[in-house]
Amino acid sequence: STLTVESGDNIIFDGGNYALTGKGNVMVMPGGTLSITGGIFGAMVDICCGGTVTFDGGTFQSGVMVNEDAAVTVNDGTFRNMKVNGGTIRFIGGTVASGVVVARGTVTVTDGTFGYVDVSGGTVTLTGGTFHAINCLEQSGIMVDSLLGSGYVYYDGNGEMIDGTDQTSLDDYGIITVKQGTICSHNWTNNGLCTICGKQAAASVTIDGKTAYYLQLAPAVNAANMVVFENAGSAEITLLKSLEASDSYLNFVSRSGSQ
């Protein structure tokens, strides 16, 4: 069935603890307003055509798709996933258990809990929230640090700042949170100690005689692997402190493509 909200309508939908099954297509015409405060939606809710939708509650077992011209605000609710193919969506709260896939449109996050955020296009601004992983499609040219609002940084599960510079993925840091902070510009000694903030680098990578320092091992390995992928020479990784590394950290790629 289709729930259509016409221009000039202002509808509040409260399904309580009852479930809606079948095709969950929601059409909100330009100038129409829909607020969902409760209910269990078994099928995908497809928001199209424009208008304004606010989620103040509800459980969405197959997720929500946001399409061109929609204006969506999430204050609360539990979602399996969200796919953003256009329009605008603002997260002020809520839980997206699996994650959010952003292909087009504008997404802002000030709070909420997410499995992952996958970005291949559009505009994403993070000034809060917790995440298990944040990924940008490499071909998109988008880096994870560009997703942060001004004055905000990523923190890992241990409360340490994550420098997302030149990284397309953050997925080995435990629960990631976005909070206010400032990334140190770092002035490294040869043994990887920053003379500004006093932090010890985990590893360094030397490429063509130039050495870069990394606070985490994962981006160091990624940087070295990228040289091999691009057939651009060789890279030397130097470990600068003792670490407990997961298998994903140690995923090295040889020139032939073997690991």
Side-chain angles (χ1 to χ4, degrees), residues 1-134 147 149 175-178:
S1 60
T2 299
L3 172 62
T4 302
V5 180
E6 300 289 351
S7 179
D9 290 345
N10 189 346
I11 296 176
I12 299 175
F13 185 91
D14 185 0
N17 294 320
Y18 295 100
L20 296 176
T21 58
K23 184 179 180 180
N25 190 34
V26 179
M27 297 179 63
V28 183
M29 307 304 290
T33 301
L34 171 66
S35 298
I36 299 177
T37 61
I40 301 170
F41 295 76
M44 172 75 73
V45 176
D46 190 353
I47 302 172
C48 59
C49 303
T52 302
V53 179
T54 301
F55 292 96
D56 289 315
T59 299
F60 302 85
Q61 297 173 336
S62 295
V64 172
M65 182 175 292
V66 180
N67 295 298
E68 206 67 40
D69 298 327
V72 177
T73 300
V74 179
N75 294 313
D76 201 359
T78 301
F79 307 84
R80 179 181 179 183
N81 57 53
M82 281 217 178
K83 297 179 180 179
V84 184
N85 292 322
T88 62
I89 181 166
R90 182 170 54 132
F91 289 95
I92 301 174
T95 299
V96 187
S98 182
V100 179
V101 177
V102 184
R104 295 183 298 276
T106 301
V107 178
T108 59
V109 177
T110 59
D111 202 358
T113 302
F114 305 85
Y116 58 79
V117 173
D118 283 354
V119 181
S120 61
T123 301
V124 177
T125 304
L126 308 178
T127 58
T130 61
F131 311 84
H132 286 273
I134 299 172
L147 308 181
I175 302 299
I176 300 166
T177 58
V178 174

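Quick note: numbers below take in every heavy atom, side chains included, and nothing from hydrogens, waters or symmetry partners.
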Please set out all donor-acceptor pairs under 3.5 angstrom arising from side-chain atoms of residues 5-14, sequence neighbours excluded.
residue : atom : partner : partner atom : Å
S7      : OG   : P30     : O            : 3.1
D9      : OD2  : E6      : N            : 2.9
D14     : OD1  : G16     : N            : 2.9

- Message: Which residues pass the side chain to side chain donor-acceptor pair (under 3.5 Å) test with D76, not counting sequence neighbours?
- Response: none
Please tabulate, for the side chains in residues 51-59, all donor-acceptor contacts under 3.5 angstrom to protein atoms that are two or more places apart in sequence or on a different chain.
residue : atom : partner : partner atom : Å
D56     : OD1  : N75     : ND2          : 2.8

- Keeping to residues at least two apart or across chains, list the side chain to side chain donor-acceptor pair (under 3.5 Å) pairs with something in residues 30-43. none
- Checking I134, V101, I176, V96 against Y116 for side-chain contact (heavy atoms from CB on, under 4.5 Å), the one that qualifies is V101
Kindly list each side-chain donor-acceptor pair under 3.5 angstrom involving residues 77-90, sequence neighbours excluded, with atom names and distances?
none

Side-chain donor-acceptor pairs under 3.5 Å in residues 120-133, sequence neighbours left out?
residue : atom : partner : partner atom : Å
S120    : OG   : V102    : O            : 3.3
T127    : OG1  : V109    : O            : 3.2

- Item | Pairs satisfying ring pair (Phe, Tyr, Trp, His ring centres under 6.0 Å), at least one member in residues 80-107, at least two apart | F91-F114
- Is the shortest heavy-atom distance from the side chain of T108 to the side chain of T110 under 4.5 Å? no
- Item | Atom of C48, atom of M27 and distance for their closest heavy-atom approach | SG-CG, 3.6 Å
